[in-house]
Structures are given as structure tokens and as C-alpha cells.
Amino acid sequence: MGNVLDDDQRYRAVHSRDPRFDGIFYTAVRTTGIYCRPSCPAQTPRRENTRFFPTAAAAQEAGFRACKRCRPDLAPGSPEWNGRADTVGRAMRLIQDGAVDRAGVDGLARHLGYSTRQLRRLLIAEVGAGPVALARSERAQTARVLTETTDMPLTDIAFAAGFGSVRQFNETMRAVHGRSPTQMRTRGRSRPDANSAPGAITLRLPYREPIDLDAMLQFLGDRAVPGVESHDGRTYRRVLRLPGGPGTVELSPGPNGPYVLCRLRLTDPADLTTAVRRCRRMLDLDADPTAVAEALGEDPLLGGIVRGHQGIRSPGHADPAELAARAVLGQQVSVKAARTLAGRLAERFGRPLPEGLAAGDSNDGDTGEKTGLTRVFPSPETLASAHPADLGLPPARGRALTGLAEAIATGRVDLGPGADREATGRALVGLHGIGPWTADHIRMRGLGDPDVFLSGDLGVRVGLEALGVPGAPKETAAIAHRWSPWRSYATHLLWASLNEGESTETTDTGSRE
């Protein structure tokens, strides 16, 4: 949506206080030095005093401070970065995942195959800020969340958010938010959630309405791997594998307003930004549901389904490597059977979850029920070192799983947030036992590609046949071309039309004998 707007259209969106544009662009006022969301309730500034920026970091680089009223730094993210497959899109996803804090700008540039100067030039031209400024904006947002919602000492927050020193932390918070960390904590503090357990970080994940959050959490719950995930009908919980060690997350609908209530327990608080971004991708919270509905709602085949499933999303996954392993396990078996196989794999090869990370083996404070989180899903390195015969799978599928795990562990297949999706897809189908369905499934859910159509999926074919469109996968793929760039959403709509969420089997044999 943001790319097709000119400044006059943006100003009209600001004048109407349209929340659909929050996070897609930011508006700044020269006379006040403040930048806001388009939906800010403050008086609309004069057109000649208004500037527009594609990111909060760009507004900050231009010398503007975040509005204390609408808190633009906490707006939903732009859907553009999820959809773009070019270098800038890949760089933005990596920066949001914390790549600059972990590997520095040089490491980010090397990963993308560019020099630091080339990468900086590309980002400034496209989003108005370089990688350092973009990472600084992410740190400032993380620090604000920790300052206002936890009792962590401010010194600990500075380093947990990725700042190199307390002085840098204080200067950045004053520059971005117009207040020192001490002032933010004593004057405007939002107390931690009343039901928050000790050691948990509770925060809100905003999104653009509409959203069918209950259906999405049920989709994840139906596929929950015993010991790794659980769903009690309202709250979805899972174990996260993060750079600093394992963590857990609980996600449920927010009681007041358009947000998901997110409760994290982390081995290393510095993983907060990474954990939040992975949860947002898993729930597709940065999507633009209006754009999807406008594109697919007028289609003669899908229009009725769109109207019956308002706010449908394309759920991703918090751990693409785990999703890839589970895609192999799901070849030609039911969802229930794949879930059972994954649970056995986690029980045998996964590491026990450290005590205290989950509400775990004790009763959960909200429901009185056990969360059932006990294991970290086995890493690619662990699965790569396993003997195929020990996996409890047919021999060919066991070899496919260990081969895929080895390719991920050695970097021959990139499933990170900055992966080149086309290159990853080609690498996947070049592996033993990985067919088109498996590769496309990994692209859609593991890499968050919004434009994948699973033409070989049985559930998709049944959904199309119910609409009067029988045909072979190649024929249905040709029909689906008109749904680009939202073919992943079309896939989920067809699944939802069956009231099953996903096919019970696939046509991907996984065979490359």
C-alpha cells in the first residue's frame, strides 16, 4: 500500500486518521519536531509543515522525536518487508531479527553479498536510513518495552536491548522518545500485566484489523507438537530456540484493543527483539488484510470465501528449521499423524527445557492447567548427526530428513529471515526426498512468503473442486496466477473453506530415487 501513495494521498490519510496506514508510513511536523502515526488523534498539521517517512528510523535520523500520544514506534510493522524479495526487503527482515546486534553491519552486508557501503546506500535510498540507524530504532523500541513493562534495572535494560553503554542508552532514549529512561519509568509507566509471573516479560503486539485471531491460534494449536507447543482453546504456547538460549512464549487475544497479549520467558533478555519479531511473523501480524481482501474479494472464485473469512492471515512459524523438518514428516500423512511423529522426534532428540522457563511443569497462573512445554525441538545439527534408521520413519523419509537437516546446518540451505526465497526453493528441491509440495510449504510458512500456492496439495484441490474447478496441479497453478502476490492467502482461504485448516494428506511423494 505504501509504495503506491504520493504525499497528497498520505496527507489525506492523515487528515482522516486512518489506522490502516499505521506502520506503512510516518508523518512528521516541522514546527514541533515530532513524528506520528497517520491515525494520531492530535490536530492535523498544515500540509506545508508535514513530511512523510517510510520508517520510524528515517524520521528519527531526520531529527524528529516520537509522539508521546500515539507512540508511532510501537505501530504494526510494514507489510512491505514481508513481501519484498529483493536485497532491501531481505536486509530489513534481518535487521528486525537482530542481525546487526549479533554480527554487526559488516556481517549483515556479507550475508547479503554486498559491501557495507553498497548496503547503506541501498537502504538510505529505499527507506531513508542506514543499517545502524534502523538497528538503533529497534533497540530503542525494545528498551522502551523493557523500561515500561518490567522491573529490570535500567543498566541491565541498556545491555539487554543491545546498547554498547549506558550513556548510549540514555542519549538514544532522549533523542527518540524525548524523555530519559528514568522519566519514562517514573512518569508514564504501564505496570506489568497483573497476571504476569515472575521472570516473564509481558507486552502487546499490535496488528491491523480485521483479524481472525482465534482461527489462527486454532490452526497452530491443531498442529501443536507435544512437549514443544500447546493450545488450550484460547492461549497458544510454544518453546522458542533463540540465539542466547531457549525461551517460551504465550500468545492470546488482547482483552482491550487490537493487539495480541504476548508473555515471554527468556534465557537471555537480549533476545527480546528477536523473539518478538519471530512471533509477529508466526502470526502474520504485519499483514495488510485490507489489501488482501481488496485483491481477492472481487475474484469470482474466492470472493465468497473472502467475505466469509474476514481477516484471514497466512500463519508462519517461529523456527523455520523446525517447520522444514515437520514438512518432511508431513509428507503423505494426516496432520494428526505428522504431529505425533514430530512429538516422538522431540522426545527422543530434543533437549529438556530448562527449569523455570515455562509455567511448565507447574500449573499456569491464568488457567490452572499445565502448559505441557517440556522440550526444545531438535536442532538441524542434532538431526543431521542422527542415523536415519533411528528416526522411526520409512528409510527414504529418514534419509530425506537427515539430508535436509545437514543442508540447513551447513548453510547450503538458508532459512533465515534474510534468505533469498527463490534460491532457497531451488536448493530445497535439489535435495533427496524434497519435492515441490515440501519446498513450497517451507517457503510459505517457514520463510513467510506471501505468494506461494500449494497447487499439489490435496486440500487445495478439494477446495477448488468444491468451487467447480477440478484439474491437475499445473492447471490449478495457472488459475492461481491471477491471485499473485497473495497466493499464500488464497491457499489458506481454500483450506479454511473446508473447515479443516490444511489438507490431511499431500501429493508430494518426496521421492528423488
Side-chain angles (χ1 to χ4, degrees), residues 1-60 62 64-84 89 92 96 126-129 137 141 177 204-213 216 253-254 256-260 280 283-298 303 306-307 309-314 450 485-486 489:
M1 187 185 296
N3 281 340
V4 300
L5 298 177
D6 60 32
D7 282 356
D8 288 337
Q9 291 171 317
R10 294 186 181 97
Y11 186 74
R12 286 196 292 272
V14 171
H15 194 271
S16 64
R17 297 181 173 86
D18 192 334
R20 295 178 301 166
F21 294 90
D22 287 355
I24 292 177
F25 70 88
Y26 298 83
T27 179
V29 185
R30 292 185 177 93
T31 52
T32 63
I34 300 296
Y35 75 94
C36 303
R37 306 181 189 216
S39 66
C40 184
Q43 182 177 348
T44 304
R46 295 168 63 91
R47 175 67 182 84
E48 60 268 25
N49 293 329
T50 307
R51 292 180 63 185
F52 301 101
F53 296 93
T55 61
Q60 294 162 16
F64 293 93
R65 293 183 289 106
C67 174
K68 298 175 184 177
R69 189 170 181 179
C70 69
R71 300 183 65 169
D73 52 309
L74 300 183
S78 171
E80 182 177 1
W81 313 128
N82 289 338
R84 286 179 61 162
M92 290 296 290
Q96 291 171 346
E126 289 279 344
V127 303
S137 181
Q141 180 175 335
H177 303 300
R204 301 176 177 185
L205 308 183
Y207 53 77
R208 296 176 187 85
E209 296 182 291
I211 188 171
D212 193 346
L213 186 57
M216 184 160 46
N256 300 300
Y259 64 88
V260 175
R280 293 192 67 83
L283 300 182
D284 196 21
L285 295 184
D286 292 329
D288 184 348
T290 301
V292 175
E294 288 176 351
L296 302 181
E298 299 300 319
V306 172
R307 289 187 287 275
H309 294 85
Q310 293 291 318
I312 197 166
R313 303 294 170 110
S314 178
W486 309 117
Y489 295 87

Side chains of residues 49-59: which donor-acceptor partners sit under 3.5 Å, not counting sequence neighbours?
from : atom 1 : to   : atom 2 : distance (Å)
T50  : OG1    : R46  : O      : 2.8
T55  : OG1    : A58  : N      : 3.0
T55  : OG1    : V127 : O      : 3.2

Is it the case that the side chain of [X] and the backbone of [Y] share a donor-acceptor pair, with hydrogens and angles ignored and the cut-off at 3.5 Å?
X	Y	result
R65	I34	no
N82	P450	no
R313	P289	no
R71	A66	no
E294	A291	no
R208	D22	yes

Y489: what forms a ring-ring contact (aromatic ring centres under 6.0 Å, His included) with it, not counting sequence neighbours?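 Testing Y489 for ring-ring contact (aromatic ring centres under 6.0 Å, His included), a comparison that skips the adjacent residues, returns W486.
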Minimum side-chain heavy-atom gap [X]-[Y] below 4.5 Å:
X	Y	answer
P258	R204	no
R47	D7	yes
P76	R280	yes
V306	E298	no
I24	P79	yes
I211	L285	yes
Q310	R307	yes
R10	T27	no

If you round to the nearest 0.5 Å, how far is [atom2] of [Y] from [atom1] of [X]?
X	Y	atom1	atom2	result
E126	W81	CD	CH2	7.0 Å
E80	F25	CD	CZ	13.0 Å
L283	Y207	CG	OH	10.5 Å
Y35	C67	OH	SG	10.0 Å

Residue set satisfying side chain to side chain contact (heavy atoms under 4.5 Å, CB included) with N256, at least two apart, ordered chain then number -> Y259
Looking at E48, I'd like to know if its CD atom is crowded, meaning that more than 12 non-hydrogen atoms belonging to other residues, nucleotides or ligands lie closer than 6.0 Å. yes
Between D284 and S314, is there a side-chain donor-acceptor contact under 3.5 Å, judged purely by atom types and distance?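 There is no such pair (donor and acceptor under 3.5 Å, judged by atom type) between the side chains of S314 and D284.
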Tell me the closest heavy-atom pair linking C70 and P41, and the distance in Å. CB-CD, 4.3 Å
Measure across C40 and R17 and return the closest heavy-atom pair with its distance rounded to 0.1 Å.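 Nearest pair, atom of C40 first, then R17: O-NE, 3.3 Å.
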